[in-house]
Amino acid sequence: MRRNAIEELYKWKASPDRKPLIMQGARQVGKTWLMKEFAREAYRQCAYVNFEDNEVLRQLFEHDFDIQRIITSIQWATGVDITPGDTLIILDEIQEVPRGITALKYFQEKAPEYHVMAAGSLLGIAMHKKDSFPVGKVDFMYLYPMSFFEFLEAVGEHRMVQLLMSRNWQMITMFRSKYEERLRQYYFVGGMPAAVSAFVTDGNLERVRALQNGILESYERDFSKHAPAIEVPRIRMVWHSVPAQLAKENRKFIYGVVREGARAKDFELAIEWLCDAGLIYKVNRCKKGLLPLAAYEDFSAFKIFMSDIGLMGAMSKLPIQSVLTGNSLYSDFKGALTEQYVMQQLKTNKQLAVYYWSADSSRGEIDFLLQRDSDIIPVEVKAEENLQAKSLRSFVERNQGLHGMRLSMSPYREQDWMTNYPLYAVEAVLAV
């Protein structure tokens, strides 16, 4: 499978200001595979260390940060003769090692000629405790589950991606049924590499769902293993409430859905933990459609999404056929699933700042309000071909100079105040 993020790694390697790279992302999004694949493509050799299963090297940084001693130890442990420039050093699960994150600072200061990557399943959490963080001494990259376009590439539909990127809407519409079929498959399979690989191998959707359930179980084990004991029950309650939060007509996070009578102070830390672990995305409300959107951010009102649409379906126990062929009993939840899908595609685009808008009176809401450079883009999401967009039209009329975007199952259609794009073209539309 090809991951688009590998292009960022090539840029990192070529940068004259290259620093040790920290790769973040939720468990099982493919960080280790991507680092090893990049090493295979771009380097002569790779010195790979997994601190989770290497007892000997867990004491690597305890005594000092002598880089030559550290390099020698890694050479002995891996059997790789490390040479600057043609060897990629991968330090996996680095959060398991005392002072491991801090050590990256000394690679940058004392031995910048070495190419070093570090990753870990819960690095986002580890960076908030224990070690002093090497501010300004490391580069960052965040890896998300596979996008719809990456899914298409994985199932051998490279030409479908090329056509979408061409934005030839007339021809795209001709192949509409095929795009919709692949999109429904993505709604079920999602973007976790193990699930996608299983689907590509034999198309066995029961096996895909079993793998998704296994990933969810591993996340639950992480709660007990890594979160403060007092927060574990609250983390579980927030985590399991996500589908219900999104199934509401108003998808704003409501603490009372988690537990009757709950207030913000009861669950703020649980939400923060899940965000740091990369398991949920938090999208804050924006009060106005003016530049910069961050100046009008409302931190007290937000929506939360899961990291992956396939995992959301598995957690919700959504039947396979309901997703693939449609079911009238599933029509209400389809809106939640569609908004989750769009959010997942938006997260892969680093150029976008993502918010949502709702009126102070709660009458009227824009599903997503995006900022890309100096452009503000209000986005309405429709699960089917419903072409009504009253809130979007009202918002555009009140904010002169904006042009609305509606994402639906309808083909491309342009109007003076809004353009409708098919849902399967999200990445192509926002790539330019």
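Position 1 is the first residue of the sequence, and the numbers go up from there. Keep in mind it's a predicted model, so treat the numbers as computed, not measured.
For the salt bridge (Lys or Arg N to Asp or Glu O under 4.0 Å) condition, the pairs that include at least one residue of residues 227-237, sequence neighbours left out, are Glu220-Arg236, Glu231-Arg234. Residue pairs that meet the salt bridge (Lys or Arg N to Asp or Glu O under 4.0 Å) test with at least one member in residues 139-153, sequence neighbours left out, are Arg3-Glu150. Listed by first and then second residue, the salt bridge (Lys or Arg N to Asp or Glu O under 4.0 Å) pairs involving residues 14-31 are Arg27-Asp222 (not counting sequence neighbours).
Panel note: side chain Gln108, backbone Leu104; no donor-acceptor pair is recorded below 3.5 Å. In this structure, the side chain of Gln371 does not engage the main chain of Leu352 through any donor-acceptor pair within 3.5 Å.
At a threshold of 4.0 Å, the pair Glu7-Lys11 does not count as salt-bridged, since none of the basic side-chain nitrogens sits closer than that to a carboxylate oxygen.
Listed by chain and residue number, Glu157, Met160 satisfy the side-chain contact (heavy atoms from CB on, under 4.5 Å) test with Lys178 (two or more places apart in sequence, or in another chain). Remark: Glu206 engages Asn204, Ile320 in a side-chain contact (heavy atoms from CB on, under 4.5 Å) (not counting sequence neighbours). With sequence neighbours excluded, the residues satisfying side-chain contact (heavy atoms from CB on, under 4.5 Å) with Ser316 are Pro243, Met312, Phe333.
Side-chain rings of Tyr10 and Phe38 approach one another, their centers coming within less than 6.0 Å.
With Trp169 as reference, Tyr412 is the one residue of Tyr179, Phe175, Tyr412 to meet the ring-ring contact (aromatic ring centres under 6.0 Å, His included) rule.
Aromatic ring orientation, His115 versus Trp12: perpendicular (interplanar angle above 60°, classes split at 30° and 60°).
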